[in-house]
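One structure is given here, and the rest of the page talks about it.
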Amino acid sequence: MPKTDLPKAYNAAEIEDKIYQKWEESGYFNPDKLPGERAESFVISMPPPNVTGVLHLGHAFENALMDIEIRYQRLLGKRALIVPGTDHAAIATQARVEDELKKQGFVNPRKELGREGLLKKIKEFADNHKSIILGQIKKMGTSCDWSRLAYTFDESRSEAVNEIFRRMFEDGLIYRGYRVINWSVKGQSTCSDDELVYVDQPAKIWYFKYSHDFPIPIATTRPETKLGDTAVAVNPDDARYKQYIGQKFTVDVGAAKPLIITIIGAGAVDPDYGTGAVGVTPAHSAIDYEMYLNNKDIGIIPVIGQDGKMLSAAGPAYAGLPVLEARGKFVQWLKDQGLYIKEEETTHNVGSSDRFGDIVEALPMEQWFVDVNKKIPERGKTLKELLREAVTVGHDENADKIIKIAPERFHNSYLQRIDNLYDWCVSRQIWWGHRIPVWYCDDCQHYFYSSDTPSDCLKCGSKKLHQDEDTLDTWFSSGTWTFSTLGWPAETDDLLKYHPTTWMQMGYEIIFLWMVRMILLSTYALDDIPFKNVYIHGMLRAKDGRKFSKSLGNGLDPLEIIEKYGTDALRLSLIKGVTAGNDSRFYEEKVEGARNFVNKLWNISRYILQTVAQPRLIEEVPATRTLADDWILSRLNETTAATTAELDKYNFSSAGELLHEFTWSDFADWYLEIAKVEGAKDELLLFILQKILKLWHPFCPFITEHLWNELGAKNLLLVAAWPKNFAVDIGAGADFQSIKDIITSIRNLRGENKIEPAKLVTISIIAGDKTELIKKEQNIIKKLGRVENLIIKNNKPEGGIGAVAGGVEIYLDLAGLVDVETEKKRLAKEISETEKYLSGIAIKLNNQEFVANAPEEIVLKEKEKMEPAQEKLDKLKNQLDSLK
RNA sequence: GGACACAUAGCUCAGUUGGUUAGAGCGUUCGAUUCACAUUCGAAAGGUCGUAGGUUCGAAUCCUAUUGUGUCCACCA
């Protein structure tokens with residue numbers, strides 16, 4: 001007579017999409033439409049996924065984290081908001097599309113398609129991926145407000161980007177400068193320092209002299225750049241060379257003009273490395289360029305061009321050659337001239353472009369930079385200082401405007417990094433992105449900011465104008481994310497209500513790429529922090545500890561997992577075993593375990609719905625009749641409190657574990673079995689189920705919402721209230737534990753003696769002061785221990801085998817059928833364990849220093865352990881004796 | 001070269017300011033299939049917490065050194 005038609009197993013695929021649709025239709029993802037009085041806001045800006053691809057496990061993980069947090073906060077009664085969106089990912093997307101086009105037969109897509117044509121192709125690609133990604137976020141169950149959907153490259157965000165650019169330009173924080181930058185020959189664009197991936201490569205280091213009469217030999221891994229050397233740096237304390245500092249030597253190494261080499265002193269030069277002297281190439285080394293800036297007299301000679309080939313300044317023998325060919329040729333020349341000394345094998349750490357993949361060249365070029373060391377007009381602080389302040393004393397020295405980073409260790413690495421921050425190169429020579437809003441006059445060379453096409457030059461009135469060809473670094477736009485998505489630069493209600501955002505989660509790999517930029521742009525443009533809390537998470541790795549990657553082919557598709565196991569199971573498995581800041585491993589068995597749990601929750605509910613007379617929501621704490629009732633309610637209370645505490649600390653995994661333990665062990669394995677014995681528990685079962693569904697909702701939103709509906713709820717679980725603690729009899733714990741121990745012990749005796757579960761046995765218990773308790777709870781013991789006769793007596797029965805548990809002696813009456821040797825062994829083992837335990841306590845208590853120094857309660861606790869342990873030991877010894 | 005993290009059961013991981021007989025899941029062993037669930041139930045085995053010192057009445061937890069693994073930064077001219 002089932003009162004519910006729930007199928008035996010939970011089928012996620014059947015219900016998930018419908019539930020998500022119900023949520024969307026409710027409008028509750030929008031915090032302005034949430035029911036009830038909600039004073040406090042809780043806002044998460046979703047890190048926008050790049051439109052370069054589709055959602056991978058890492059995204060699924062982040063969605064799980066964000067959605068658990070936001071659903072929890074919504075249940076707590078806050079105005080909960082996740083702002084969703086996607087990132088146009090400038091270089092990444094263009095590089096991806098160019099690669100595709102090359103596979104299709106294009107040789108140089110930029111030339112062949114032109115700016116407009118290529119942009120059209122990229123836009124098609126981006127739009128396509130964007131819609132796939134958004135669909136996937138819904139599949140994950142993420143409760144974000146789709147009415148506030150944003151895109152880093154849409155009109156509103158572009159306006160924000162232009163506005164920030166204008167302000168920085170007018171404040172002199174954005175400047176055009178000639179500096180050595182990282183250049184990707186393949187991508188034909190700059191890359192910022194943060195976008196480089198360093199790889200160790202085997203390399204050679206060549207030792208040589210510029211000329212026979214040059215006094216100092218030098219060493220280099222890049223001989224071809226030596227054609228542009230203008231100085232040699234030595235340590236000012238180096239006795240071998242210091243007398244040459246300040247001298248100039250003219251050498252002819254085959255470059256277009258003879259090189260004038262100045263000997264300079266630099267403390268950074270290590271006298272013990274190489275020859276102890278550094279050939280300085282200002283044009284092709286960031287460090288050498290710094291030396292040049294300190295001493296411009298030495299000069300700068302670029303010898304490598306943007307195409308990766310030698311320039312004419314390198315000399316007629318080298319001009320036009322790719323760098324590697326020039327290198328070989330130059331080394332040969334040194335050998336021919338007798339200037340070559342030796343070469344050694346070494347490893348060289350070279351920076352390669354994260355997106356284009358090639359090793360970058362250091363080239364001097366005119367580019368746009370954000371000055372992090374210049375005082376902001378009228379604020380008297382530099383951007384670098386703002387970056388520091390936000391995480392230390394609080395923005396503007398206001399302690400309420402402070403960013404808390406969890407786990408804390410990332411706080412230090414952030415500060416360390418800020419100290420070494422250089423000006424941020426923001427211009428890129430690609431087309432997919434926000435075009436730099438600066439216009440040049442062809443007549444007077446004046447350049448100025450304009451967000452749209454200006455009609456004439458602001459200075460000379462000429463109409464011959466052209467816009468800067470470059471686009472902005474993608475992080476310049478994503479750095480505005482927390483506030484541009486809320487309407488900035490317009491002064492919107494959203495900004496007032498929802499900024500700064502409350503909680504941000506991100507992987508540690510983008511702390512410097514993204515977090516730093518968000519803090520920089522927000523503190524600059526809004527005079528406020530972008531978020532109050534950052535939760536840094538690690539990376540998901542495969543079971544063998546390797547990264548998931550396309551090239552390894554070890555990726556797992558979240559959509560396939562969802563299809564097979566359901567979204568709730570995927571979400572649970574993603575956060576299982578995860579601690580903040582640390583990498584975790586992900587593999588299918590984890591999902592399987594999570595799926596099993598979800599199914600357990602299903603069947604718990606199914607059982608209750610089938611059993612009770614009328615499924616309904618019970619909000620009031622029902623009256624209890626038995627020890628088990630008191631026990632389960634106090635466990636529910638404990639679990640609620642502990643789970644809440646863990647969630648407040650963003651310990652999602654351990655919150656889930658606590659709930660898992662309560663739901664499966666306490667509630668399903670013990671209480672439901674007892675309910676079958678004691679009966680008449682409709683209200684209690686419904687009450688607890690209702691609480692369990694709420695507690696699980698942040699983790700498993702779909703199944704809990706569905707079951708909530710089956711319980712007969714009128715409102716969505718999405719907007720229910722998070723459980724609070726209530727008053728119950730706390731004293732039930734110890735007594736119930738005794739009963740549990742006794743039952744487990746009986747089951748153990750049965751198992752050890754291979755008694756079939758179906759066979760009912762006779763048990764004698766010497767109960768002592770627990771007599772009343774056991775009498776009262778004998779039905780449970782009988783049923784769960786498969787006991788036919790439960791005899792409470794004062795002395796041990798003849799021929800029984802025994803155990804000591806729950807403070808009583810238990811005898812199984814099976815004389816003659818028992819394997820005496822096995823029992824002896826078991827008892828002996830338990831006796832030795834108990835003796836060890838007891839002697840441990842005795843040693844402590846006999847130690848005067850322990851008694852004198854340890855806190856009183858600790859000593860008391862040890863003393864209290866003593867007596868029951870001693871009793872147990874005596875009983876065990878008795879039982880062993882009786883077997884002889 | 002600098003910094004950080006990790007090392008606990010066969011595997012993947014918890015273990016919150018030092019004080020429980022160090023826990024979980026998976027796996028393993030034994031047993032169970034009418035009565036919510038075999039995506040299940042019951043029972044059990046399995047760890048001197050990387051190593052060596054130190055602090056302390058007391059260390060998986062704090063300190064020092066050391067080994068291994070991983071990450072970031074600097075940089076090798």
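Labels below follow one simple rule: chain letters A, B, ... track the order of the sequence lines, proteins then strands, and each chain is numbered from 1. Just so it is clear, the model here is predicted, and its values are computed rather than measured.
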Interatomic distance where [atom1] belongs to [X] and [atom2] belongs to [N] [whole Å]:
X      : N     : atom1 : atom2 : value
A/D666 : B/A24 : CG    : C1'   : 14 Å
A/K590 : B/C26 : NZ    : C1'   : 11 Å
A/L860 : B/U20 : CG    : P     : 15 Å
A/D419 : B/A74 : CG    : P     : 13 Å
A/K861 : B/U21 : NZ    : C1'   : 13 Å
A/H411 : B/C72 : NE2   : C1'   : 17 Å
A/E589 : B/A24 : CD    : C1'   : 17 Å
A/E588 : B/G25 : CD    : P     : 21 Å

Roughly how far apart, to the nearest Å, are [N] and [M] at atom [atom1]?
N     : M     : atom1 : answer
B/U17 : B/C13 : C1'   : 23 Å
B/U12 : B/A74 : C1'   : 35 Å
B/A65 : B/A22 : C1'   : 26 Å
B/G47 : B/U33 : P     : 32 Å
B/U56 : B/G19 : C1'   : 12 Å
B/U64 : B/U28 : P     : 43 Å
B/U48 : B/A5  : C1'   : 26 Å
B/U21 : B/C30 : C1'   : 25 Å

Inset, instruction - List for me each residue that meets salt bridge (Lys or Arg N to Asp or Glu O under 4.0 Å) alongside A/K204, sequence neighbours excluded, and say none if there are none. - result: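 With sequence neighbours excluded, A/K204 shows a salt bridge (Lys or Arg N to Asp or Glu O under 4.0 Å) to A/E343, given in chain and number order.
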Legend entry - Whichever of A/K872 and A/T346 has its nearest RNA chain B nucleotide further upstream toward 5': A/K872
Inset, instruction - Specify the residue among A/G581 and A/I841 whose closest nucleotide of RNA chain B lies further upstream toward the 5′ end. - result: A/G581
Legend entry - A/Y607: partners by ring pair (Phe, Tyr, Trp, His ring centres under 6.0 Å), with sequence neighbours left out: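 Partners of A/Y607 by the ring pair (Phe, Tyr, Trp, His ring centres under 6.0 Å) criterion come out as none, since no residue qualifies.
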Inset, instruction - Take the angle between the ring planes of A/Y10 and A/W602 and call it parallel below 30°, perpendicular above 60°, tilted in between. - result: tilted
How would you list all residue pairs meeting salt bridge (charged side-chain N to carboxylate O under 4.0 Å, His left out) that involve [range], not counting sequence neighbours?
range                       : value
residues 274-285 of chain A : none
residues 843-853 of chain A : A/K844-A/E862
residues 575-587 of chain A : A/R541-A/D583

Across [range], 5' to 3', mark each nucleotide with B, S or - according to how protein heavy atoms within less than 4.0 Å reach it.
range                        : result
nucleotides 44-49 of chain B : SS----
nucleotides 55-61 of chain B : --B----
nucleotides 30-39 of chain B : SSS---BBSB

Legend entry - Selection from B/A3, B/C75, B/A77 that lies nearest to any side-chain heavy atom of A/I205: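 Closest nucleotide to the A/I205 side chain: B/A77.
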Legend entry - Contacts of type side chain to side chain contact (heavy atoms under 4.5 Å, CB included), residue A/T230, not counting sequence neighbours: A/P282, A/I298, A/I301
Inset, instruction - Could you pull out all residues at least two apart from A/D544 that satisfy side chain to side chain contact (heavy atoms under 4.5 Å, CB included)? - result: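 A/D544: side chain to side chain contact (heavy atoms under 4.5 Å, CB included) contacts with A/A542, A/R546.
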Inset, instruction - Salt-bridge test for A/E833 and A/K872: reply yes if a basic N is under 4.0 Å from a carboxylate O, no otherwise. - result: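 Here A/E833 does not pair with A/K872 in a salt bridge, since their nearest N and O are not under 4.0 Å apart.
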Inset, instruction - Would you mind checking if A/K875 and A/E871 are paired as a salt bridge, meaning a charged N to carboxylate O distance below 4.0 Å? - result: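 Answer for the salt bridge query: yes.
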Inset, instruction - Would you indicate, yes or no, if B/C72 has its OP1 or OP2 atom less than 4.0 angstrom from a side-chain nitrogen or oxygen of A/R417? - result: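 For B/C72, neither OP1 nor OP2 has a side-chain N or O of A/R417 closer than 4.0 Å.
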Legend entry - A/H348 vs B/A77: side-chain N/O to OP1/OP2 distance below 4.0 Å: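 The answer is yes; a side-chain N or O of A/H348 sits under 4.0 Å from OP1 or OP2.
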Inset, instruction - Please tell me if the side chains of A/K590 and A/K543 come closer than 4.5 Å, counting only heavy atoms from C-beta onward. - result: no
Legend entry - Within-4.5 Å side-chain heavy-atom neighbours: A/T639 and A/T663: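 Result no, sub-4.5 Å side-chain heavy-atom pair not found.
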Report which part of the nucleic acid [X] touches: base, sugar-phosphate, or nothing (heavy-atom distance under 4.0 Å, all strands).
X      : value
A/S653 : nothing
A/V269 : base
A/S413 : nothing
A/F597 : nothing

When rounded to the nearest 0.5 angstrom, what is the spacing between [atom1] in [X] and [atom2] in [Y]?
X      : Y      : atom1 : atom2 : answer
A/L707 : A/L609 : CG    : CG    : 7.0 Å
A/D568 : A/L572 : CG    : CG    : 7.0 Å
A/T220 : A/K226 : OG1   : NZ    : 4.0 Å

Legend entry - Test: A/K600 cationic atom under 6.0 Å from A/F597 six-membered ring centre, within 45° of axis: no
Inset, instruction - Answer with yes or no whether the side chains of A/D741 and A/Q737 bring together a donor and an acceptor at under 3.5 Å. - result: yes
Inset, instruction - Tell me whether the centres of the aromatic rings in A/W206 and A/F330 are closer together than 6.0 Å. - result: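 Centroid separation for A/W206 and A/F330: 6.0 Å or greater.
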Legend entry - Under the 3.5 Å Watson-Crick or G-U criterion, the dot-bracket string of RNA chain B, with | for inter-strand pairs: (((((((..((((.....[...)))).(((((.......))))).....(((((..]....))))))))))))....
Nucleotide N/O of nucleotides 14-18 of chain B paired with protein N/O under 3.5 Å:
residue	atom	partner	partner atom	Å
B/A14	OP1	A/T579	OG1	2.8
B/U16	O2	A/K649	NZ	3.2

